[in-house]
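Structure, as structure tokens:
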Amino acid sequence: MELLTWLETTMGGEFIFTFLVSMIPIVELRGGIPFGVALGLPYPVAFTAAVIGNVLPAPFIIVYIRRIFQWMRQRLPRLDGIVDKLERKAHLKGNKVNKYKYLGLMLFVGIPLPGTGVWTGALAAAFLDMPLRKAMPSIILGVILAGCIMTGLTAVGVNVFSAVTA
């Protein structure tokens, strides 16, 4: 219980909590920034925590996801359906990214819509055989773009909510 209290009541804890929330697939930075602001972090601090937390999984996904999927198929055949679904998603999203290569990857990660983001973008980069050293700058720029968009949307949402409840 002390850990949760620390995570919710200190700036360092709120930073780490926001960082961790931003690492979660689907939630990512789109949920991390509003979460951090709701905890009480200033916008620049919430932005920083969310960007770092969101980017961190990308190199591991790009480098290791194929090996992880192969291991899962060999040792956990019950999960073949999940692996198949993720591979189909990667190939489907990869078609959108592939047309514009690294610019496409940046825009795919940077436009905060359902089904986009770092996890899916890194998965697509892995299945498109994009080298890590070329994919990561696109992913980082995309995360910064998404962070700017989400910070702006969060600020608008907070202002509208404040006006409605005043």
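Note that the numbering runs from 1 along the sequence shown for the chain.
- Taking CG of Leu20 as the start and CG of Leu7 as the end, the distance is 7.5 Å to the nearest 0.5 Å.
- Distance alone, capped at 3.5 Å, is enough to place a donor-acceptor pair between the Thr116 side chain and the Ile111 backbone.
- In this structure, Ile26 is not a member of the same hydrophobic cluster as Ile149, with clusters built from ILVMFWY side-chain heavy atoms closer than 4.5 Å.
- Both Ile61 and Ile68 are members of a single hydrophobic cluster when ILVMFWY side chains are connected at heavy-atom separations under 4.5 Å.
- Heavy atoms only, all atoms of each residue included: Phe108 and Gly115 are closest at CZ-O, 3.4 Å.
- Under a hydrophobic-cluster definition in which Ile, Leu, Val, Met, Phe, Trp and Tyr are linked whenever side-chain heavy atoms come within less than 4.5 Å, directly or via other members, Leu113 and Val109 are assigned to the same cluster.
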*Could you check Arg66 against Glu87 for salt bridge (charged side-chain N to carboxylate O under 4.0 Å, His left out), going step by step and ending with a plain yes or no?*
CA-CA 9 Å; Arg66 286 184 166 185; Glu87 286 180 346; over 6 Å; no
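- What you find for Val55 and Met136 is that their closest heavy atoms are CG1-CE, 3.8 Å.
- Closest heavy-atom contact between Gly32 and Ala50: C-CB, 4.3 Å.
- The shortest heavy-atom contact between Leu105 and Ala125 is CD2-CB, 4.2 Å.
- Annotation for Arg30 and Pro114: closest pair NH1-N, 4.3 Å, computed over non-hydrogen atoms.
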_Go through it in stages, so that I can follow the logic: the residues are Ile24 and Trp119, the test is side-chain contact (heavy atoms from CB on, under 4.5 Å), and I'd like the CA-CA distance, side-chain angles, deciding distance and then a yes or no._
CA-CA 9 Å; Ile24 300 170; Trp119 284 78; over 6 Å; no
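- Trp6 places no side-chain N or O within donor-acceptor distance of the main-chain N or O of Gly12, the cut-off being under 3.5 Å.
- Smallest separation of non-hydrogen atoms from Gly53 and Met23: O-CG, 2.8 Å.
- A 4.5 Å side-chain heavy-atom check between Phe47 and Ile33 finds at least one atom pair inside the cut-off.
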*May I have the step-by-step check of side-chain contact (heavy atoms from CB on, under 4.5 Å) for Ile139 and Met106, ending in yes or no?*
CA-CA 5 Å; Ile139 288 173; Met106 182 198 78; over 6 Å; no
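- Using a 4.0 Å cut-off between charged side-chain N and carboxylate O, Arg73 and Asp84 make a salt bridge.
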*Which is it for Phe17 and Phe35 under the ring pair (Phe, Tyr, Trp, His ring centres under 6.0 Å) test, yes or no, and what are the steps along the way?*
CA-CA 9 Å; Phe17 208 174; Phe35 180 80; 4.9 Å; yes
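- Under the 3.5 Å distance criterion, the side-chain polar atoms of Glu28 are matched with a main-chain donor or acceptor of Val118.
- A distance of 11.0 Å separates CD1 in Ile16 from CD1 in Ile52, rounded to the nearest 0.5 Å.
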*Please test Phe15 against Thr48 for side-chain contact (heavy atoms from CB on, under 4.5 Å), starting from the C-alpha separation and ending with a verdict.*
CA-CA 9 Å; Phe15 185 95; Thr48 302; 4.3 Å; yes
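- In this structure, Phe19 and Leu56 have side chains that are in contact, with non-hydrogen atoms separated by less than 4.5 Å.
- Between atom CD1 of residue Ile82 and atom CE of residue Met72 there is a gap of 6.0 Å, rounded to the nearest 0.5 Å.
- Put simply, Leu41 and Phe161 are part of two different groups of oily side chains (I, L, V, M, F, W, Y) that touch within less than 4.5 Å, one to the next.
- The backbone N or O of Gly117 sits nowhere less than 3.5 Å from a side-chain atom of Thr120 that would complete a donor-acceptor pair.
- Counting only residues at least two apart or on different chains, no side-chain hydrogen bond (donor to acceptor under 3.5 Å, both in side chains) pair has a member in residues 134-162.
- With rounding to the nearest 0.5 Å, the separation of CG in Leu128 from CD1 in Ile62 is 10.5 Å.
- Put simply, Val156 and Val37 are part of two different groups of oily side chains (I, L, V, M, F, W, Y) that touch within less than 4.5 Å, one to the next.
- In this structure, Leu103 places its CG atom where more than 12 heavy-atom neighbours from other residues, nucleotides or ligands lie under 6.0 Å away.
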*Step by step, work out the side-chain contact (heavy atoms from CB on, under 4.5 Å) result for Leu123 and Phe69.*
CA-CA 11 Å; Leu123 191 63; Phe69 283 175; 4.1 Å; yes
